[in-house]
Amino acid sequence: MPAKRDIQTILKKEYGINKNITQGLSLEDCENLLILLGQNSTIGKFVEVVVEKNGELSQNNRYYGLKRSQAEKKFEQLQVENQKLEKSILDLEASNQALVNRRGNLSKEQRELQAQVDQLNIQNRDLSLKMQQLTTQNDELSEANNQLKRDNKELKNIVDQIRLRLARDTKMLLQYEDSELRKAIIRLFRWTLG
């Protein structure tokens, strides 16, 4: 007596019936199917049509299974890309918020710097006025200094003339014989010379 798998092999070779179709049948059912197919050509024809249709369906299943697998892979890729994009969006939003905060800080710093510039401009104008005043005072002091120099020179000339005159007069007085008078004149002369 042949084993079930031998009969399944015959059904596969002669009639194209897959072993997975006959797997649920008993040995006796497999034998009866083999006999029926051999005796009745209509049943054989029917089985051929069913096997052919099963092949088409199997091919369709493989095709759609492949498409489904591709779609699942594509879906997984899209999910990964979507997660990356969401993370990227979150990062960009955080970065944008940081830039907005930075812009606010820069605006505040710019206002503070502008206030400092305005303050410095005011101080600069004040210093300019003071500098003009000091320049005017300096010019006046320079003129006064020049006048004092001229006055000092004239005074020195006058003092020199007085000394010269005093020296001449003293020399003339020293020619007299009175010693007390001579001593007083010498003291006076030394005192005028410094």
Side-chain angles (χ1 to χ4, degrees), residues 1-139 141:
M1 176 171 233
K4 180 179 173 181
R5 77 172 174 261
D6 295 333
I7 295 174
Q8 284 177 316
T9 302
I10 294 169
L11 287 170
K12 171 75 175 145
K13 284 183 181 176
E14 290 185 21
Y15 300 102
I17 301 172
N18 286 332
K19 291 181 181 181
N20 61 354
I21 293 174
T22 57
Q23 194 63 35
L25 301 175
S26 66
L27 174 61
E28 187 179 318
D29 290 336
C30 287
E31 287 175 348
N32 286 339
L33 182 59
L34 188 57
I35 292 169
L36 266 173
L37 288 171
Q39 293 175 352
N40 192 336
S41 65
T42 302
I43 293 177
K45 200 64 153 152
F46 177 73
V47 168
E48 283 179 22
V49 170
V50 169
V51 166
E52 187 177 312
K53 192 65 169 170
N54 186 37
E56 288 175 12
L57 290 174
S58 181
Q59 191 174 12
N60 283 346
N61 281 344
R62 279 193 302 277
Y63 174 76
Y64 288 114
L66 179 63
K67 288 291 185 185
R68 180 179 175 186
S69 174
Q70 289 173 345
E72 286 173 350
K73 286 180 185 175
K74 184 69 174 174
F75 179 72
E76 288 174 5
Q77 288 174 346
L78 290 174
Q79 280 184 322
V80 169
E81 286 179 27
N82 186 40
Q83 288 173 350
K84 285 181 183 176
L85 287 174
E86 285 177 358
K87 184 183 181 305
S88 217
I89 288 170
L90 290 174
D91 291 345
L92 286 173
E93 286 174 351
S95 178
N96 187 37
Q97 187 59 42
L99 289 174
V100 166
N101 292 342
R102 180 72 177 137
R103 187 171 104 193
N105 290 340
L106 287 175
S107 293
K108 182 181 174 188
E109 288 177 22
Q110 183 180 11
R111 286 190 299 274
E112 290 171 356
L113 288 173
Q114 186 61 46
Q116 288 179 357
V117 165
D118 294 342
Q119 184 72 24
L120 289 173
N121 282 335
I122 291 169
Q123 289 177 354
N124 194 21
R125 280 194 297 265
D126 291 346
L127 289 174
S128 252
L129 288 173
K130 285 181 184 178
M131 188 173 133
Q132 287 174 354
Q133 291 171 350
L134 290 174
T135 301
T136 303
Q137 288 176 356
N138 190 33
D139 291 343
L141 288 174

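Atoms considered below: every heavy atom in the structure, side chains included; atoms not considered: hydrogens, waters and symmetry mates. Quantities reported herein were computed from a predicted structural model and do not represent experimental measurements.
Here OG of Ser128 is found 10.5 Å from CG of Asn121. Values are rounded to the nearest 0.5 Å. Between Leu57 atom CG and Glu52 atom CD the span is 11.0 Å, to the nearest 0.5 Å. In this structure, the separation between CG on Leu113 and CG on Leu106 is 10.0 Å, given to the nearest 0.5 Å. Taking CD1 from Ile7 and CD from Glu28, the interatomic distance works out to 10.5 Å, rounded to the nearest 0.5 Å. With rounding to the nearest 0.5 angstrom, the CG atom of Asn61 is 12.5 Å from the CG atom of Leu66. One distance of note links CE of Met131 with OG1 of Thr136; it measures 10.5 Å at 0.5 Å rounding.
Counting heavy atoms from C-beta outward, Glu31 and Leu27 have side chains that approach closer than 4.5 Å. Residues Lys87 and Leu90 fail the side-chain proximity criterion, which asks for heavy atoms closer than 4.5 Å.
No hydrogens or angles considered: nothing links the side chains of Asn105 and Glu109 as a donor-acceptor pair under 3.5 Å. Side-chain N/O atoms of Arg62 and Ser58 include a donor and acceptor closer than 3.5 Å.
Between the side chain of Ser69 and the backbone N or O of Gly65, no donor-acceptor pair lies under 3.5 Å. The backbone N or O of Gln23 sits less than 3.5 Å from a side-chain atom of Lys4, completing a donor-acceptor pair. For the pair Ser26 (side chain) and Asp29 (backbone), a donor-acceptor distance under 3.5 Å is present.
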Quick one: do Lys12 and Asn18 satisfy side chain to side chain contact (heavy atoms under 4.5 Å, CB included)? Show the steps, please.
-> CA-CA 6 Å; Lys12 171 75 175 145; Asn18 286 332; 2.9 Å; yes
Test log, rule side chain to side chain contact (heavy atoms under 4.5 Å, CB included), inputs Leu11 and Lys19 | CA-CA 8 Å; Leu11 287 170; Lys19 291 181 181 181; over 6 Å; no
Does the side chain to side chain contact (heavy atoms under 4.5 Å, CB included) test come out yes or no for Thr9 and Lys13, once each step is laid out?
-> CA-CA 6 Å; Thr9 302; Lys13 284 183 181 176; 4.0 Å; yes
When you look at Arg5 and Gln8, which way does the side chain to side chain contact (heavy atoms under 4.5 Å, CB included) test go after all the steps?
-> CA-CA 5 Å; Arg5 77 172 174 261; Gln8 284 177 316; 4.1 Å; yes
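More than 12 heavy atoms of other residues, nucleotides or ligands sit less than 6.0 Å from atom CD of Gln77. By the 6.0 Å contact criterion, CD on Gln110 is open, its count of non-hydrogen atoms from other residues, nucleotides or ligands being 12 or less.
For the salt bridge (Lys or Arg N to Asp or Glu O under 4.0 Å) test, residues two or more places apart in sequence or in another chain that qualify with Glu56 are Lys53.
Ion pairing of Lys130 with Asp126 is absent here, as no side-chain N (NZ or NE/NH1/NH2) approaches a carboxylate O to less than 4.0 Å.
With Val47 as the partner, the side chain to side chain contact (heavy atoms under 4.5 Å, CB included) test is satisfied by one option alone out of Val49, Ile43, Val50: Ile43.
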